[in-house]
Amino acid sequence: HDLTHLKDKEKDNFIKSDSTNFSFKEREKMKCQNVEETEISQYDDLPIKIGGIEKKGKGLLKKSLTYFTTITEPLNKVVKRSFEDFEWLRVKLTKMFDSNFIPSLPKVNPILGVENEDVTMRSIEKFMHDISLDPIIKNSQILYDFLSIENYDQFIKKKKDYEVITPCNDIQEFKSITGEIDVGFD
């Protein structure tokens, strides 16, 4: 099917999913882009550990920034990421992969910042583990960059590059592991 003639309301009837759990009058597999593999794609269980915390700055009216040492063993990379960086990653993943469930992060006091460091470290580690189980997210360049860019200034520049990402508006723009998506419509 050529979908370019469909109105927005009709496009809403399409499901962008590799799943076949939906009931529609018609179903069709359509070609889409393959997800490009990254260096971490090959790991079924990607070991991402939070190895420590470093706090920087603290003023009378300013909370300290907490950096988490993030260790990705297969990449042999150790990066420092702030809690705000993990929040940024979650927001970006949610926008980029809106059909996927993106787990939440722990709540942090907006004034005091990270208070219970051990609980926060475990929660972030679980968040990273959970998102790495999704094959599309695990294959994403954004996750790879998050885990592999060791120089923090370069990472900040890369974050700015991701600010221009726009959501898919056409089926051919979707990405899947198989290079196909199963669409259904009434």
Side-chain angles (χ1 to χ4, degrees), residues 18 34-168 174-177:
D18 289 320
N34 278 36
V35 174
E36 298 99 29
E37 291 191 3
T38 65
E39 201 175 328
I40 58 178
S41 302
Q42 62 188 308
Y43 299 97
D44 291 331
D45 187 17
L46 183 63
I48 303 168
K49 303 288 181 210
I50 304 299
I53 287 183
E54 179 183 334
K55 289 193 174 199
K56 288 190 177 179
K58 190 168 186 162
L60 186 59
L61 298 174
K62 187 178 178 183
K63 68 179 180 181
S64 63
L65 275 179
T66 303
Y67 292 90
F68 298 87
T69 302
T70 307
I71 305 160
T72 309
E73 292 172 10
L75 298 177
N76 200 25
K77 298 283 186 179
V78 176
V79 298
K80 290 189 189 293
R81 298 291 180 253
S82 69
F83 186 80
E84 288 78 8
D85 293 330
F86 287 97
E87 289 177 318
W88 170 87
L89 177 64
R90 185 183 185 286
V91 167
K92 285 297 166 194
L93 291 174
T94 301
K95 287 181 180 177
M96 294 170 76
F97 305 108
D98 61 355
S99 65
N100 298 50
F101 172 74
I102 309 298
S104 61
L105 283 163
K107 300 287 184 219
V108 171
N109 186 314
I111 296 173
L112 301 174
V114 174
E115 295 178 274
N116 189 331
E117 295 173 356
D118 290 334
V119 169
T120 303
M121 281 175 49
R122 286 193 305 273
S123 297
I124 289 174
E125 200 168 274
K126 181 175 178 1
F127 167 79
M128 295 303 292
H129 176 263
D130 290 350
I131 64 172
S132 73
L133 293 176
D134 184 296
I136 294 177
I137 293 173
K138 184 171 63 172
N139 283 291
S140 69
Q141 189 65 43
I142 192 169
L143 181 61
Y144 178 75
D145 290 342
F146 188 87
L147 295 171
S148 66
I149 299 175
E150 294 176 293
N151 179 295
Y152 196 72
D153 290 335
Q154 289 177 345
F155 173 68
I156 296 300
K157 287 179 186 174
K158 183 54 92 170
K159 277 175 61 172
K160 290 179 183 173
D161 291 345
Y162 284 108
E163 295 305 315
V164 296
I165 291 178
T166 56
C168 296
F174 292 125
K175 293 184 178 186
S176 78
I177 299 296

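All values derive from a computational prediction rather than experimental measurement.
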Query - Criterion side-chain contact (heavy atoms from CB on, under 4.5 Å) on Ile48 and Phe127, from CA distance to verdict - result: CA-CA 10 Å; Ile48 303 168; Phe127 167 79; over 6 Å; no
Query raised in the report: What closest approach, in Å, do Val79 and Phe146 show between heavy atoms, and which atom pair accounts for it?
Result: CG2-O, 3.8 Å
Query raised in the report: Distance under 6.0 Å and angle within 45° of the ring axis: does Arg81 meet both against Phe86?
Result: no
Query raised in the report: Heavy-atom distance under 4.5 Å between the side chains of Ile149 and Tyr144, does that happen here?
Result: no
Query - Check: Leu75 main-chain N/O paired with Thr72 side-chain donor or acceptor under 3.5 Å - result: no
Query raised in the report: Does some side-chain heavy atom of Ile53 sit less than 4.5 Å from a side-chain heavy atom of Thr120?
Result: no
Query raised in the report: Salt-bridged, Glu150 to Lys77, with N to O below 4.0 Å?
Result: yes
Query raised in the report: Are any non-hydrogen side-chain atoms of Met128 and Leu147 less than 4.5 angstrom apart?
Result: yes
Query raised in the report: Are any non-hydrogen side-chain atoms of Arg90 and Ser104 less than 4.5 angstrom apart?
Result: yes
Query raised in the report: Would Ile142 and Leu89 satisfy side-chain contact (heavy atoms from CB on, under 4.5 Å), going step by step from the backbone distance to the final call?
Result: CA-CA 8 Å; Ile142 192 169; Leu89 177 64; 4.1 Å; yes
Query raised in the report: Charged N to carboxylate O under 4.0 angstrom, Lys159 versus Asp85?
Result: yes
Report summary line: In terms of heavy-atom contacts, Glu125 and Ile50 come closest through OE1-N, 2.7 Å
Report task. With side-chain contact (heavy atoms from CB on, under 4.5 Å) as the test, would you mind laying out the steps for Phe68 and Ser82 before giving the verdict? Result -> CA-CA 6 Å; Phe68 298 87; Ser82 69; over 6 Å; no
Report summary line: dist Ser148:OG -> Gln141:CD (nearest 0.5 Å) comes out at 7.5 Å
Report task. State, yes or no, whether a side-chain contact exists between Glu73 and Ile71 at a heavy-atom distance under 4.5 Å. Result -> yes
**Report entry** From OG (Ser132) to CD1 (Ile137), nearest 0.5 Å
**Finding:** 9.5 Å
Query raised in the report: So is Lys55 actually on top of Tyr67's ring, under 6.0 Å and inside 45° of the axis?
Result: no
Query raised in the report: Could you walk me through whether Ile136 and Ser140 pass the side-chain contact (heavy atoms from CB on, under 4.5 Å) check?
Result: CA-CA 6 Å; Ile136 294 177; Ser140 69; 6.0 Å; no
Query raised in the report: Is there side-chain contact between Tyr162 and Lys95, with heavy atoms separated by less than 4.5 Å?
Result: no
Requested in this report: Working to the nearest 0.5 Å, report the span between CD1 of Ile131 and CZ of Phe101.
Outcome: 11.5 Å
Requested in this report: Enter the distance from Ile102:CD1 to Thr94:OG1 here, rounded to the nearest 0.5 Å.
Outcome: 5.0 Å
Query raised in the report: Lys49 versus Thr70: any side-chain heavy-atom pair under 4.5 Å?
Result: no
Query raised in the report: Any idea which heavy atoms bring Lys80 and Tyr152 closest together, and the distance?
Result: O-CD1, 3.4 Å
Report task. Find the distance between CE (Met121) and CD1 (Ile124) and round it off to the nearest 0.5 Å. Result -> 8.5 Å
Query raised in the report: At what distance, to the nearest 0.5 angstrom, does CD of Glu39 lie from CG of Asn139?
Result: 12.5 Å
Requested in this report: In plain terms, say whether Asp130 and Lys126 are close enough for a salt bridge, that is, a side-chain N and a carboxylate O under 4.0 Å apart.
Outcome: yes
Requested in this report: Could you check if a side-chain atom of Phe83 sits within less than 4.5 angstrom of a side-chain atom of Pro106, using non-hydrogen atoms only?
Outcome: yes
Query raised in the report: Would you find more than 12 non-hydrogen atoms of other residues, nucleotides or ligands less than 6.0 Å from Asn76 atom CG?
Result: no
